[in-house]
Amino acid sequence: MQNHPLSRHAYWQACCCLGLSMALVGCYVALAKPLVSVFGVFALAWMRFVIGALAVPHWLRKPAQEPALTPRLKGLLFLESFLGNFLFSICMLYGVSQTSALAAGIILSMLPIVVAVLSALFLRERLSGRLQVAMALAATGMLLLNTTSHDGPPRESQLWGNALVLAAVLCEAAYVVMGKRLSSAMSPRRITAVINLWGCALMTPLAFWYWPALDWSAVSASTWGLLLFYGLAASVWSVWLWMTGLKNVKASQAGIFTVMLPVAASLTGWVLGETPDRWQVFAWGMAFLGVALASSGSEREKNNISE
């Protein structure tokens, strides 16, 4: 493994890409709740991938300077799409349909810590004492979320929805770690196009098997506009921004920027009319206190990347 200094401009440009990517993910996670009620889980997920495939077919072309894909890279591309697109979409869409966007935002606030744990397991990065305390705080927030009463869906439904959102967190964390490997070997555009096609292929059988009975004429123009934004944000913009940022930031450092996901999800939930109760606010505060601890890295970590 070789370290080299990263310019301040390149570092902050990468940070902006990573933060904006996760903010987009948080927005479309919250917006998925009203869309699922119209289109259903599998049809919505499939249409997302179709929108992405139609938007960037030219990104599939291999740049002249890019080496041929090895069997290992091909396997990583499949896993990146299977976990980060296919399973993430199913777990997240079913999860937010059975819990609130605010609760989903609290659970998603654990992403930086889960990324750090996976980085330690698979990239052999050491878990500091600070990070262990952060994990305990985030776990406390999760416990409060699942043991206090809230308005909204029935209790059993919320627990199942929260568990699915947590599964989505694990998928997204794996996506972050594997994405670093891919971004060092392929262009962000090509990664975006390839994993989107894999997601479309994986989702197509389920979408047509469980296609809902839907009166297309009853779908409003605003809902179609929301669907278009959802598809482009989920399949194109957020992926391209994330892979672009990963080229200049370590995976463990990039995991910090996943904090933008729960922030955007919760803020979008408020815009959509969800009101947090005091336990949700407290749980969110505990989770973000853990995130703040996990995010406070050294200057050396910020100025060097690993390859």
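What you see below is based on every heavy atom in this structure, not just the backbone, and it leaves out hydrogens, waters and symmetry mates.
For T99 (side chain) and V96 (main-chain N/O), no donor-acceptor pair under 3.5 Å exists by modelled atom type. Between the side chain of K180 and the backbone N or O of L246, at least one donor-acceptor pair lies under 3.5 Å. Under a 3.5 Å cut-off, the side chain of S37 and the backbone N or O of P34 do form a donor-acceptor pair. E66 contributes a side-chain N or O that, together with a main-chain N or O of S187, makes up a donor-acceptor pair within less than 3.5 Å. Panel note: side chain T204, backbone C200; a donor-acceptor pair is recorded below 3.5 Å.
Two residues are said to be in side-chain contact when any heavy atoms from C-beta on lie closer than 4.5 Å; V41 and L206 fail this criterion. Looking only at side-chain heavy atoms (C-beta outward), R190 and P63 come within less than 4.5 Å of each other. No side-chain heavy atom of L60 sits under 4.5 Å from any side-chain heavy atom of R189. Residues L227 and T223 have side chains not in contact (no heavy-atom distance under 4.5 Å, counting atoms from C-beta outward). Here the side chains of L83 and F86 are not in contact, with every heavy-atom distance at 4.5 Å or above. At least one side-chain heavy atom of L24 sits less than 4.5 Å from a side-chain heavy atom of F229. For the pair F42/W209, no side-chain contact is recorded, criterion being any heavy-atom separation below 4.5 Å from C-beta on. At a threshold of 4.5 Å between non-hydrogen side-chain atoms, the residues W216 and L214 count as touching.
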For L121 and V177, what are the C-alpha separation, side-chain angles and deciding distance, and is it a side-chain contact (heavy atoms from CB on, under 4.5 Å)? CA-CA 10 Å; L121 292 175; V177 174; over 6 Å; no

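The number of heavy-atom neighbours closer than 6.0 Å to NZ of K62, taken from other residues, nucleotides and ligands shown, is above 12.
Of the inter-residue distances, the one linking K247 atom NZ with L182 atom CG reads 10.5 Å to the nearest 0.5 angstrom. To the nearest 0.5 angstrom, W224 atom CH2 is 10.5 Å from L35 atom CG. Atoms CG and CG, on L164 and L159 in that order, are 11.0 Å from each other to the nearest 0.5 Å. From L44, atom CG reaches atom OG of S97 across 10.5 Å, with rounding to the nearest 0.5 Å. Atom-to-atom distance recorded for I195:CD1 and F82:CZ is 14.0 Å, nearest 0.5 angstrom. Distance check, rounded to the nearest 0.5 Å: CG of L79 to NZ of K74 gives 14.5 Å.
Using cut-offs of 30° and 60° on the angle between ring planes, the pair W59 and W240 is tilted. Ring orientation note: the planes of W211 and W46 are nearly perpendicular, at an angle over 60° on the 30°/60° scale.
Residues W237 and W242 keep their aromatic ring centres 6.0 Å or farther apart.
Donor-acceptor pairing under 3.5 Å is lacking for the side chains of R48 and N196.
Residues F49 and S89 share a closest heavy-atom pair of CZ-OG, 4.1 Å. Contact detail for E80 and A174: the closest heavy-atom pair is OE1-O, 4.3 Å. Shown here for A14 and G245, the closest heavy-atom pair between the two residues is CB-O, 3.6 Å. Taking every heavy atom of both residues into account, V239 and A234 meet most closely at CG2-O, 3.6 Å. Between V236 and V56, the shortest heavy-atom distance links the atoms CG1-CG1, 3.9 Å. Here the closest heavy-atom approach between residue E172 and residue G84 is recorded as OE1-O, 4.3 Å.
M243 pairs in a side-chain contact (heavy atoms from CB on, under 4.5 Å) with only one of the listed residues (S238, S21, P188, C17), which is P188.
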